[in-house]
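Single-structure report; data block below.
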Protein chains: 2
Amino acid sequence: MLERSIQQFIERYLSVSFLVHKRGAALMKCELDDITHDQYYVLRYIHKRGVCTSTELADVFAVNKSAITAMTNRLVEKGMIARGKDEDDRRIIALSLTERGKEWLVETEQKIYELVETMMTKLSHEEIEQFIQTYEKLAMILQEMEDGK
Amino acid sequence: MLERSIQQFIERYLSVSFLVHKRGAALMKCELDDITHDQYYVLRYIHKRGVCTSTELADVFAVNKSAITAMTNRLVEKGMIARGKDEDDRRIIALSLTERGKEWLVETEQKIYELVETMMTKLSHEEIEQFIQTYEKLAMILQEMEDGK
DNA sequence: CAAAATAGTTCAATTATTTAACTATTTAAT
DNA sequence: ATTAAATAGTTAAATAATTGAACTATTTTG
């Protein structure tokens, strides 16, 4: 039997997390012209890593590899990323941003940052820091839960 | 020009919010047999409200009404919700859970709650409370940003 | 070296979504 | 009271995200 307060936390968490994701995605969409919300995060991730593989993306975003193939196909068609070869292991496809992809990302990060900034500056630094720290803990906990299954 | 610390908050927030959403959805999916993650949240929302309309769902979840039509069609086919008439205004379709929908939701909430509980009990009550409070503030801020556009 | 594991793709199906055009009904303005 | 505007919802065509199973190519391992 769940403790009453925990049950209320869960209730509130489920409601608010879904809403914030949906509403945030809707607002971001306005700044992302041709690129979708999901594609934006994949571009961000590849950029952060420099180079990465399909398998890594599938692990990080917790989807099947075939979903990554489909998405990277679209991003290659749009000229945002390129597929490269790995000389050590010829099974591996090295994904990286094209010059155009990098340019687009820099421009777009600016717009997205302004959006998120508008949202964040309604809170104090302490509150933001605490919020993000807890959020990062949750990300780790989820990772562990996924691994230990 | 963005302050450096704000910029880092934004960076961290974007990374972590997407990850937690994706990983959370992947974990929840295991408990939701025939129903999708999005459908689950729509069922939850209708249940919480008792009765609601397509327009309300579209507003709340920040999608077009036609997306709601498509989704409610699937939920009707699955026997989870029913469309009713409104005698005062015959344009309005009143959406509500069927008995089967209610039963399914009660069973499933149990499983989902256990999942979220596993995650939450790694944090103190104070930390959870603070986290959810800030999250709820963000939801309101996003709502305002959407309205004021 | 043969068998098992790994990296990635293809294909068919389902779902979520958008936009534009549409029907039906209600509200408001003259 | 009648017409014009607004509102609620659907339809249809298109794109995107996703899964799962079957598949190819390559590398590792026993």
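No hydrogens, no waters, no symmetry mates; every other heavy atom, side chains included, goes into these values. Residue numbers begin at 1 in each chain, while the letters A, B, ... track the order of the sequences.
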Indicate, with a heavy-atom threshold strictly under 4.0 Å, whether [X] touches base, sugar-phosphate, or nothing.
{"X": "B:N64", "result": "base"}
{"X": "B:D89", "result": "sugar-phosphate"}
{"X": "B:S54", "result": "sugar-phosphate"}

Side chains of A:Q143 and B:R23: donor-acceptor distance under 3.5 Å anywhere?
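Checked: A:Q143/B:R23 side chains pair up, N/O donor to acceptor below 3.5 Å.
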Please determine, by modelled atom types, if B:Q130 and B:T134 share a side-chain donor-acceptor pair under 3.5 angstrom.
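Result is yes, a qualifying pair exists.
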Which nucleotide in the set [options] lies at the smallest distance from any side-chain heavy atom of [X]?
{"X": "B:R91", "options": "D:dA8, D:dA17, D:dG20", "value": "D:dA8"}
{"X": "A:R74", "options": "C:dG8, D:dA17, D:dA8", "value": "D:dA17"}
{"X": "B:K29", "options": "C:dT9, D:dG20, C:dA7", "value": "D:dG20"}
{"X": "B:M71", "options": "C:dA16, C:dT18, D:dT10", "value": "C:dA16"}
{"X": "A:R83", "options": "C:dT9, C:dT26, D:dG9", "value": "C:dT9"}
{"X": "A:T36", "options": "D:dG9, C:dA16, D:dA17", "value": "D:dA17"}
{"X": "A:Q39", "options": "D:dG9, D:dA17, C:dT26", "value": "D:dA17"}

Flag side-chain contact, heavy atom, 4.5 Å: B:R44 against A:F18:
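They are not in contact (no side-chain heavy atoms under 4.5 Å apart), so the answer is no.
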Mind checking whether B:F131 and B:Y135 have ring centres under 6.0 Å apart?
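Ring centroids of B:F131 and B:Y135 are less than 6.0 Å from each other.
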Atom pair distance, as rounded to whole Å: [atom1] in [X] and [atom2] in [N]:
{"X": "A:L32", "N": "D:dA17", "atom1": "CG", "atom2": "P", "answer": "12 Å"}
{"X": "B:E77", "N": "C:dT14", "atom1": "CD", "atom2": "P", "answer": "11 Å"}
{"X": "B:L75", "N": "C:dT14", "atom1": "CG", "atom2": "P", "answer": "16 Å"}
{"X": "B:R90", "N": "C:dT26", "atom1": "CZ", "atom2": "P", "answer": "5 Å"}

I'd like to know whether A:E109 forms a side chain to side chain donor-acceptor pair (under 3.5 Å) with A:Y40, so could you lay out the CA-CA distance, the side-chain angles of the two residues, the decisive distance to 0.1 Å, and finally the verdict.
CA-CA 10 Å; A:E109 290 288 62; A:Y40 167 67; 2.3 Å; yes
By nearest heavy atom, map B:K78 and B:S66 onto DNA chain C; which one lands nearer the 5' end?
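The answer here is B:K78.
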